[in-house]
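Notes for the one structure printed next.
Proteins come first, then strands; the chains are lettered A, B, ... in the order of their sequence lines, and each starts at number 1.
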Amino acid sequence: MLTNTQLAALFADIAGREDILGENAFKIRAYRNVAEIIDNFPRPMRDVWQAGALDGVPGIGKEIAKKIDELMRTGKLDYFERLRAKVPDGVAALLDVPDLGPKRVKLIWETLGVTDLDALEAAAQAGKLRDLPKMGEKTEQRILAGIASLRRRATGRVRLGDALPVARAIVEALRDVPGVAKIDYAGSLRRGRETIGDIDIVVATTEPATVGAAFRALPLVAEVLGAGPTKSSIRTTDNLQVDLRAVDPRHWGATLQYFTGSQAHNIRVRAIAQQQGLSLNEYGVTPEGGELIPFDTEEGLYARLGLAWIPPELREDRGEIEAAALGANRLPKLVTAKALRGDLQMHTTWSDGEVDVMGMAQAALALGYEYILITDHSRSLGIANGLTPERLIAQRAEIDRVNRDLGGRFRVLQGVECEVLSDGALDLPDEALAACDLVQASVHTSLSQARERITARALRAIGNPNVHILGHPSGRQINAREPADYDWEALFVGAAKARVALEINANPERLDLNDTHARRAAELGCLLTISTDAHSPAMLANMAYGVLTARRAWVTPDRVVNTWPLKKVLDWARERRTQ
DNA sequence: GCCGTTTTCGGCCCGACTGTTTTCAGTCG
């Protein structure tokens, strides 16, 4: 069973080994490109292959389709095995060392016989790298530092929720440096990706040297990795790499666009510029033989190329460029944080939350919400002090009291996060569930069940007419726990038919559904919720991460239950029960 | 290896920084 992630990793691996061999650069790019496409593909490539539709995927041509076919049929790829025989695994792995690219790897491998990381480190320590052509003592030291850095980091990518606060702090710290006109973070952080490789900060300034120096002197800097006239790189004490790029304010729009990416999006945008006889760089566009035309806004740049401004979250080359063509602007009106009227998952001291019902209600009221759904755990999650039917009744009395005390300004709904047991049965009797305003069902246990079993389990749970929402469907925890292996298509079709909403859990450790699954679910007609799963008032602020994920999934507000007025939510809940 | 309202051949994004060199290769994003 080959997953998209595995398939993507394989093609990226092929690209790396061919790069070391010095193959045609465009062929290598084609492999890298297809790896990216598969990694972001909303459905299992296995299904596309089974449907015989590989040739309909842009980026997959005849050769790669043949390779996917062989992989799906046999689980192996002869082409790859032959490549492995030429370039050993240990040599391919050297590409992960910062400052080591294909040329140097090939050189070190062929002249020194280095075939793994340990041998590379030994060669560098013995001073054997400095005598190679185009290399010297400094390069040798950089490579040693690169090996250390590689060994220090666990996965190489940090969660959005860990990177965003750091980026915001840097932006705020530099905002008042003399000469700074504009400053913002760009890159995958601005696009709202669930994990971040490094932080890109862009500054519009007439004094690039001043802001660069201020940046490199920030207290969080552990090491300065590079310092040029307009570009600096540092490593923070938290081991995050941050790149700062300073440009003249006239170029702000072009630069922000360029560094927001993604690479795939930028390549497409540049190709469009080329078709119009323009060369595009981070300063603006240049007509053939003409002068550079700068852009101080992204809107101006996109408009010059015949495109509507594209929200950063969509800039992944997943159809947004076609949708942005002026005249036929089909870009979706994405959901915003402001559109949300409530938060439909949170916990209180009735189970494993930190504060009582009134505490959560007041915090939500302060955020401008009109309603919340309290979803404490159910009894079988003993570790979280899950609710029995009796305690659920007692909690209702407290919720009624809080609603009375808040005097109609706000509505606290009673829900429950009901365990889906290993066979798909629910952890509470129907009478208890029927007494709740809304019920969320969640799978917390036996996440490693086989695909058929766990899919049937979830489908059985959402088949209960008392269930309205399926919480954090995949169960994954970013960088920590793999998602369950659902037949997502079947689950989405089932949820759409039952009009059960799927949650986009906004906790930055979950973001579940993820962007590609949420997009596919919406395409298949599913309702969604965006909720924080807050266990404390402070965690209600995580909503921003859920909104970013929903926007990356092209989600419009009408599809998100918690953008609806309370009456519509309650009508939906009732209709669901009388289906 | 992919792709095509110019193309089934001939293209395929573009620049900063570093270190090693005295004009540029390698790496990165």
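Within the structure, every pair that satisfies the side chain to side chain donor-acceptor pair (under 3.5 Å) test and touches residues 211-228 of chain A, not counting sequence neighbours, is listed here: A:Arg216-A:Ser232, A:Glu223-A:Arg235.
Rounded to whole Å, the separation between the C1' atoms of B:dT8 and B:dC2 comes to 12 Å. Only the P atoms considered, B:dT7 is 25 Å distant from B:dG1, to the nearest whole Å. Remark: the separation of the C1' atoms in B:dT27 and B:dT20 is 14 Å, to the nearest Å. One P atom belongs to B:dC17, the other to B:dC13, and the distance between them is 23 Å to the nearest Å. For the C1' atoms, the distance linking B:dG15 with B:dC3 amounts to 26 Å, nearest Å. Rounded to whole Å, the separation between the P atoms of B:dC12 and B:dT18 comes to 29 Å.
No donor-acceptor pair under 3.5 Å is formed between the side chain of A:Asp238 and the backbone N or O of A:Leu240. The main-chain N or O of A:Arg318 is found under 3.5 Å from a side-chain atom of A:Glu320 such that the two form a donor-acceptor pair.
To the nearest angstrom, P of B:dC14 lies 15 Å from CZ of A:Arg268. We find that CD of A:Gln263 is positioned 10 Å from P of B:dC13, with the value rounded to whole Å. Computed from coordinates, the A:Ile38 CD1 to B:dC2 C1' distance equals 14 Å when rounded to whole Å. One can place CG of A:Leu129 at 15 Å from P of B:dG19, the figure rounded to the nearest angstrom. Distance CZ (A:Arg270) to P (B:dG29): 16 Å, rounded to an integer number of Å. The distance from atom CG of A:Leu132 to atom P of B:dT27 is 12 Å, rounded to the nearest whole Å. Taking atom CG of A:Leu301 as the reference point, atom C1' of B:dC14 lies 14 Å away to the nearest angstrom. Atom CG of A:Asp96 is separated from atom C1' of B:dT27 by 14 Å (rounded to the nearest Å).
Among B:dC13, B:dG29, B:dT27, the nucleotide with an atom closest to any side-chain atom of A:Gln241 is B:dG29. Nearest nucleotide to the side chain of A:Ala30, out of B:dG26, B:dC2, B:dG29: B:dC2. Taking only side-chain atoms of A:Lys67, from C-beta outward, the nucleotide of B:dT27, B:dC14, B:dG1 with the closest atom is B:dG1. Closest to the A:Phe26 side chain, of the nucleotides B:dG26, B:dG29, B:dC13, is B:dC13.
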What verdict does the salt bridge (charged side-chain N to carboxylate O under 4.0 Å, His left out) test give for A:Arg520 and A:Glu523, after you've listed the backbone C-alpha separation in whole Å, the side-chain angles of each residue and the deciding distance to 0.1 Å?
CA-CA 5 Å; A:Arg520 184 62 185 156; A:Glu523 276 174 2; 2.9 Å; yes
Checking side-chain contact (heavy atoms from CB on, under 4.5 Å) for the pair A:Met45/A:Met72: CA distance, chi angles, key distance, verdict?
CA-CA 9 Å; A:Met45 290 312 294; A:Met72 291 296 182; 4.2 Å; yes
A:Glu70 and A:Arg73: salt bridge (charged side-chain N to carboxylate O under 4.0 Å, His left out), yes or no, with the steps?
CA-CA 5 Å; A:Glu70 183 182 336; A:Arg73 281 188 296 103; 5.8 Å; no
One pair to check against salt bridge (charged side-chain N to carboxylate O under 4.0 Å, His left out): A:Asp317 and A:Arg268. What are the steps and the verdict?
CA-CA 7 Å; A:Asp317 189 22; A:Arg268 289 288 311 279; 2.9 Å; yes
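Considering only side-chain N and O atoms, A:Lys231 lies nowhere under 4.0 angstrom from the phosphate OP1 or OP2 of B:dT18. At the phosphate of B:dC2, neither OP1 nor OP2 sits under 4.0 Å from any side-chain N or O atom of A:Arg29. A close approach under 4.0 Å does not occur between any side-chain nitrogen or oxygen of A:Thr139 and OP1 or OP2 of B:dA25.
Between A:His251 and A:Tyr283, the ring-plane angle classifies as perpendicular under the 30° and 60° cut-offs.
Among the heavy atoms of the strands lying under 4.0 Å from A:Leu100 are primed sugar atoms or P, OP1, OP2 only; no base atom is included. Note on A:Ala271: nothing from the nucleic acid sits closer than 4.0 angstrom, heavy atoms only. Within the 4.0 angstrom heavy-atom criterion, no nucleotide atom of any strand lies near A:Pro133. Contact annotation for A:Asn33: no contact, since no heavy-atom pair falls under 4.0 Å across all strands. Contacts of A:Glu23 with the nucleic acid, taken as non-hydrogen atoms under 4.0 Å apart, are absent. Among the atoms of the strands shown, only primed sugar atoms or phosphate atoms (P, OP1, OP2) are found under 4.0 Å from some heavy atom of A:Thr230.
Residues A:Glu489 and A:Asp487 form a side-chain contact, since some pair of their non-hydrogen atoms from C-beta on lies under 4.5 Å apart.
Proximity of residues 318-325 of chain A to DNA chain B (heavy atom under 4.0 angstrom from any strand atom) is not detected for any residue. Listed in residue order, the members of residues 54-64 of chain A having a heavy atom less than 4.0 Å from DNA chain B are A:Pro58, A:Gly59, A:Ile60, A:Gly61, A:Lys62, A:Glu63, A:Ile64. Using a 4.0 Å cutoff on non-hydrogen atoms, the parts of residues 272-283 of chain A near DNA chain B are A:Gln274, A:Ser279, A:Leu280, A:Asn281, A:Glu282, A:Tyr283, ordered by number.
For the atom pair A:Asn505 CG and A:Gln477 CD, the distance stands at 9.5 Å (nearest 0.5 Å).
Contacts of A:Glu110 classified as salt bridge (Lys or Arg N to Asp or Glu O under 4.0 Å), with partners at least two apart in sequence or in another chain: A:Lys106.
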Anything under 3.5 Å between a donor and an acceptor, one on a side chain of residues 177-190 of chain A, the other on a protein residue two or more places apart or in another chain? List them.
residue, atom, partner, partner atom, Å
A:Arg190, NH1, A:Thr260, OG1, 2.7
A:Arg190, NH1, A:Glu298, OE2, 2.8
A:Arg190, NH2, A:Glu298, OE1, 3.1

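Annotation for A:Val335 and A:Ala550: closest pair CG1-CB, 3.8 Å, computed over non-hydrogen atoms.
Pairing of B:dG4, defined by two Watson-Crick or G-U wobble distances under 3.5 Å, is identified with B:dC9.
Judged by closest nucleotide on DNA chain B, A:Tyr79 is the one of A:Arg142 and A:Tyr79 placed further toward the 5' end. With DNA chain B read from its 5' end, the first of the two nearest nucleotides for A:Phe259 and A:Met135 is the one closest to A:Met135.
Other residues, nucleotides and ligands place more than 12 heavy atoms under 6.0 Å from the NZ atom of A:Lys27.
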